[in-house]
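Predicted model, so just to flag it, every value in this text is computed and none were measured.
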Amino acid sequence: MIFRYLAVLAEAPLAFVILIAAFTASLLVGLVLHEVAHAFVADSLGDRTPRRHGRLSLNPLRHLDPLGSSLIFIVGFGWAKPVPIGPNSGRNTALIALAGPATNLVVAAVAGLAIKLGYVPFFHPFVAPSAADFWAQVWTESPDNLVGLFLGTIVLLNVILAVFNLIPLAPLDGFRVALGILPADLARQVARLEPWMPGALLVLILLPFIGGPSLLFDVMGPAIDFLLRIFVESADLRVV
């Protein structure tokens, strides 16, 4: 993802720095607050498991997963270390799981406020590699454009994090949501598939990069576009 802009680094170093800063901010704020929200809701509902594991902390080292964090820079979305919850959470499991994606949407809404109010334009880095030079020039035309790029990237990445994490595959939140709302017998059967799901998820992520179909991106695209229109009110938001 971010590496496609290495070619324009010499011509537009400021744009590249803004992109790195926005990706890092999304990583530290989006992923960390996502996990803290899980821990806080679980703790508020009486489950002290996250507290015992130190997951109520804002220290990024408590939450960031090396692979999931790296994928933020490579493909634009990822995950952190799942927050452990007690075995007796029951139906609260779905509420605890939903807290993370909901927090990402709050971050996106806050970051998108200046764009929504028309103070800065909306830009994002998900552009075709062949157009990277052109967009790098546009982004650096004015301070407003750079601010729009920074905020727009945070908005987009947090929307993607929210949508991605609601996919019902472990270790994502959508899997925990499914377990929390499915009938108990069916939830137990689905839970048996958990060990196989991370590998399947990684395959889905990598498929487009090895010439396969972009199944994951096709599923996520409509939801991402819908949420972006809510947060930044742009008419041309298709992620490319």
Side-chain angles (χ1 to χ4, degrees), residues 1-33 68-78 104-164 205-214 216-240:
M1 178 61 233
I2 195 68
F3 302 109
R4 71 173 64 177
Y5 297 100
L6 288 174
V8 302
L9 177 58
E11 295 182 14
L14 187 54
F16 188 81
V17 169
I18 292 293
L19 285 172
I20 291 292
F23 272 70
T24 303
S26 296
L27 176 70
L28 295 178
V29 176
L31 285 183
V32 171
L33 290 185
S69 300
S70 300
L71 286 174
I72 286 280
F73 293 90
I74 297 172
V75 297
F77 54 83
N104 288 126
L105 294 181
V106 170
V107 172
V110 171
L113 191 58
I115 300 171
K116 191 176 181 71
L117 294 176
Y119 293 119
V120 295
F122 173 63
F123 292 116
H124 65 74
F126 283 69
V127 298
S130 60
D133 285 336
F134 168 78
W135 284 110
Q137 293 175 9
V138 172
W139 297 332
T140 53
E141 283 178 354
S142 71
D144 284 355
N145 285 6
L146 287 172
V147 173
L149 175 62
F150 178 78
L151 294 176
T153 300
I154 292 176
V155 171
L156 179 56
L157 289 180
N158 274 276
V159 166
I160 292 174
L161 284 171
V163 173
F164 173 66
I205 292 172
L206 294 177
L207 268 178
F209 300 96
I210 57 175
S214 56
L216 199 60
F217 299 88
D218 291 342
V219 169
M220 293 168 57
I224 292 169
D225 288 348
F226 172 76
L227 289 168
L228 284 176
R229 288 189 169 91
I230 292 175
F231 293 133
V232 298
E233 294 185 339
S234 174
D236 184 18
L237 299 169
R238 174 64 64 179
V239 176
V240 292

Pair listing, salt bridge (charged side-chain N to carboxylate O under 4.0 Å, His left out) test, anchored in residues 144-155, at least two apart: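 Every pair satisfying salt bridge (charged side-chain N to carboxylate O under 4.0 Å, His left out) with a residue in residues 144-155: there are none.
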For Phe231, all residues meeting ring pair (Phe, Tyr, Trp, His ring centres under 6.0 Å), sequence neighbours excluded: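 By the ring pair (Phe, Tyr, Trp, His ring centres under 6.0 Å) rule, Phe231 matches no residue at all.
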Working for side chain to side chain contact (heavy atoms under 4.5 Å, CB included), residues Leu207 and Leu216: CA-CA 9 Å; Leu207 268 178; Leu216 199 60; over 6 Å; no
Approximate separation, where rounding is to 0.5 Å, of Trp135 CH2 and Phe126 CZ: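 So the CH2 of Trp135 and the CZ of Phe126 are separated by 15.0 Å.
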Interatomic spacing from NE2 in His124 to CD1 in Ile115 - rounded to 0.5 Å: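 Nearest 0.5 Å value for the NE2-CD1 distance: 10.5 Å.
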Set of residues satisfying side-chain contact (heavy atoms from CB on, under 4.5 Å) with respect to [X], sequence neighbours excluded:
X	answer
Leu206	Leu202
Val147	Val120, Leu151
Ile18	Leu146, Leu149, Phe150

Heavy-atom pair with the smallest gap, counting every atom of Ala12 and Ala136: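 Here Ala12 and Ala136 meet closest at CB-CB, 3.7 Å.
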Partner set under side chain to side chain donor-acceptor pair (under 3.5 Å) for Ser214, not counting sequence neighbours: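 Here the qualifying residues are Asp218.
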Side chain proximity check, Pro125 to Phe23, heavy atoms < 4.5 angstrom: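 Yes, close enough: below the 4.5 Å cut-off.
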Close side-chain approach of Gln137 to Trp139, heavy-atom, < 4.5 Å: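 A side-chain contact is absent here, since even the closest heavy-atom pair is not under 4.5 Å.
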Using distance only, find each side-chain donor-acceptor pair of residues 154-163 under 3.5 Å and give its atom names and separation, not counting sequence neighbours.
{"unit_1": "Asn158", "atom_1": "OD1", "unit_2": "Asn104", "atom_2": "ND2", "d": "3.0"}
{"unit_1": "Asn158", "atom_1": "ND2", "unit_2": "Ile154", "atom_2": "O", "d": "2.9"}

Under 3.5 Å donor-acceptor, Asn145 side chain and Pro121 backbone: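 No, the answer is negative, given that no donor and acceptor are paired below the 3.5 Å cut-off.
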Contact list for residues 105-114, test side chain to side chain donor-acceptor pair (under 3.5 Å), sequence neighbours left out: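 Checked against side chain to side chain donor-acceptor pair (under 3.5 Å) - neighbours excluded - no pair reaches residues 105-114.
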Pairs meeting criterion side chain to side chain donor-acceptor pair (under 3.5 Å) with involvement of residues 108-123, two or more places apart: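 Residue pairs with at least one partner in residues 108-123: Lys116-Glu233.
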